[in-house]
Amino acid sequence: MNELGLLYLGMGVSGGEEGARKGPSLMPGGSFEAYKYIEDILLKVAAQVPDSGPCVTYVGKGGSGNFVKMVHNGIEYGDMQLIAEAYDVLKSVGKLSNEELRDVFSEWNKGELLSFLIEITADIFGIKDDKGDGYLVDKVLDKTGMKGTGKWTVQQAAELSVAAPTIESSLDARFLSGLKEERVEAAKVFQAGGFGDILADQPVDKQQLINDVRQALYASKICSYAQGMNLIRAKSIEKGWDLKLGELARIWKGGCIIRAIFLDRIKKAYDRNPNLANLLVDPEFAKEIIDRQAAWRRVVSLAINSGISTPGMSASLAYFDSYRRARLPANLVQAQRDYFGAHTYERIDTEGSFHTEWFKLAKHSKY
């Protein structure tokens, strides 16, 4: 377009049908000159948040606007999966009814989890089936569709060597949900093996469980957003976009699907330290995770022992546990690589690359 003398602007848009009527979050990227021509229109079209203004900003050069929107959707995948897991644990282990679930999510939407997705989840639990008895959510086929943005996010994370296990697990969960017929047959096989009785007569303190799941959901959510922000920063560095992560959090506060009170905290974290290595090490978020990790571990352990899969919460916890450890078992993996492929290794006590004839030494030590 440049060569033809035309100004080109690519713009990510999030907000669904409500955003189309009441204002979405807009993520324009490309020609800054083009943006300035239509800035006054975009400022009026975008969702308006009283304390932080219109949910639009000039994101950056090239395809940055659409890239940011793509990662927004990847974070959205993670968010939705984590909420689904919270629902599964509360329903399958806690035996909460749809009425109770509606009340719980409505209550959660008054605190730290206040967000569009929590709000609509509460609404969903309250809708009766207009074609029969009971609630509509129980009649919806457990098979999640997708349009590709979550897959692209995971592909980009792999390309850029950015760990994004919460987002990846949400994508895998959608793939597995698509195997409905296979899962029905597998359920018959493992029911016969006694797996159907795992949840039977398991005593649970319902109020304690609700409180624990709320904390686990919040802590896992921090990890999901941390991964998304790290991916955006990695691409920004690769492309020289100089993206402002705090400003992106600001324009996601209204209009879009992942809008949440939580995003204000993210904006402030990047305002405090624009070069923040990871949201997990921001002093406020670090304290919140420390305060919630016991509940988080209880929920994941309970789910595992109950035969309930919580891939998002489990992946988030593993991400946190790996990131917070000064030393990981990666030394053994690197030693294995050097053993079979002479890939060399570094040492903790001296600089340089080293190779050891592991096979010869091992063979010699056996005789």
Side-chain angles (χ1 to χ4, degrees), residues 18 76-145 169-170 173-174 176-177 180 183-184 186-188 190-191 194-221 257 260-262 292 294-314 316:
E18 187 183 2
E76 182 184 307
Y77 272 51
D79 241 349
M80 294 170 76
Q81 176 62 27
L82 293 170
I83 291 170
E85 291 172 19
Y87 156 62
D88 197 8
V89 172
L90 292 175
K91 180 184 172 69
S92 301
V93 184
K95 310 298 184 193
L96 270 71
S97 65
N98 285 319
E99 295 97 323
E100 289 174 311
L101 286 164
R102 181 193 60 205
D103 292 344
V104 165
F105 277 80
S106 295
E107 190 60 34
W108 285 357
N109 200 46
K110 296 173 185 174
E112 63 195 8
L113 290 170
L114 171 62
S115 62
F116 174 70
L117 286 171
I118 293 290
E119 177 189 342
I120 68 167
T121 301
D123 288 346
I124 287 167
F125 289 131
I127 304 297
K128 296 281 184 68
D129 183 13
D130 61 352
K131 292 182 173 61
D133 296 331
Y135 288 83
L136 183 55
V137 67
D138 298 323
K139 309 290 176 65
V140 176
L141 181 66
D142 54 322
K143 195 171 177 179
T144 310
S169 67
S170 70
R174 294 196 184 197
L176 282 164
S177 79
K180 176 64 175 178
R183 289 189 289 110
V184 169
K188 296 174 186 174
F190 292 106
Q191 184 88 20
F195 277 83
D197 301 325
I198 292 177
L199 289 170
D201 302 322
Q202 188 162 311
V204 63
D205 181 332
K206 197 177 279 192
Q207 205 49 53
Q208 175 73 49
L209 180 63
I210 291 168
N211 191 42
D212 280 356
V213 171
R214 174 182 57 77
Q215 294 182 70
L217 177 55
Y218 186 76
S220 300
K221 189 181 171 88
I257 305 304
I261 195 169
F262 171 80
R292 289 162 179 76
W296 195 5
R297 295 181 194 283
R298 281 196 297 271
V299 170
V300 171
S301 299
L302 177 65
I304 290 169
N305 290 328
S306 303
I308 300 296
S309 64
T310 51
M313 288 186 183
S314 301
S316 297

Side-chain heavy atoms of Arg183 within contact of Asp142, under 4.5 Å: yes
Close side-chain approach of Lys206 and Val204, heavy atoms under 4.5 Å: no
Heavy-atom closest pair, residues [X] and [Y]:
{"X": "Gly94", "Y": "Leu209", "answer": "CA-CD2, 3.5 Å"}
{"X": "Ile118", "Y": "Leu113", "answer": "CG1-O, 3.3 Å"}
{"X": "Ala122", "Y": "Ser106", "answer": "CB-OG, 3.5 Å"}
{"X": "Ser316", "Y": "Ser220", "answer": "OG-O, 3.5 Å"}
{"X": "Trp296", "Y": "Met313", "answer": "NE1-O, 3.6 Å"}
{"X": "Leu96", "Y": "Glu100", "answer": "CA-OE1, 3.3 Å"}

Can you tell me how far apart [atom1] ([X]) and [atom2] ([Y]) are? Round to the nearest 0.5 Å.
{"X": "Thr310", "Y": "Ile304", "atom1": "OG1", "atom2": "CD1", "answer": "6.0 Å"}
{"X": "Asp79", "Y": "Lys221", "atom1": "CG", "atom2": "NZ", "answer": "3.5 Å"}
{"X": "Arg298", "Y": "Asn211", "atom1": "CZ", "atom2": "CG", "answer": "8.5 Å"}
{"X": "Leu176", "Y": "Ser169", "atom1": "CG", "atom2": "OG", "answer": "11.0 Å"}
{"X": "Ile127", "Y": "Tyr135", "atom1": "CD1", "atom2": "OH", "answer": "10.0 Å"}
{"X": "Asp138", "Y": "Lys91", "atom1": "CG", "atom2": "NZ", "answer": "4.5 Å"}

Can any side-chain N or O of [X] pair as donor or acceptor with the backbone N or O of [Y] at less than 3.5 Å?
{"X": "Lys180", "Y": "Ser177", "result": "no"}
{"X": "Asn109", "Y": "Ser115", "result": "yes"}
{"X": "Glu76", "Y": "Ile257", "result": "no"}
{"X": "Gln81", "Y": "Ala173", "result": "no"}

Member of Leu217, Ile83, Thr121 meeting the side chain to side chain contact (heavy atoms under 4.5 Å, CB included) criterion with Trp108: Leu217
Heavy atoms from other residues, nucleotides or ligands near CD1 of Ile261 exceed 12 (cutoff 6.0 Å): no
Crowding at CG, Asp133 (>12 non-hydrogen neighbours, <6.0 Å): no
Glu107: side chain to side chain contact (heavy atoms under 4.5 Å, CB included) partners, not counting sequence neighbours: Lys110
Geometric class of the Phe125/Phe105 ring pair [parallel <30°, tilted 30-60°, perpendicular >60°]: tilted
Glu112 bridged to Arg292 by N-O distance under 4.0 Å: yes
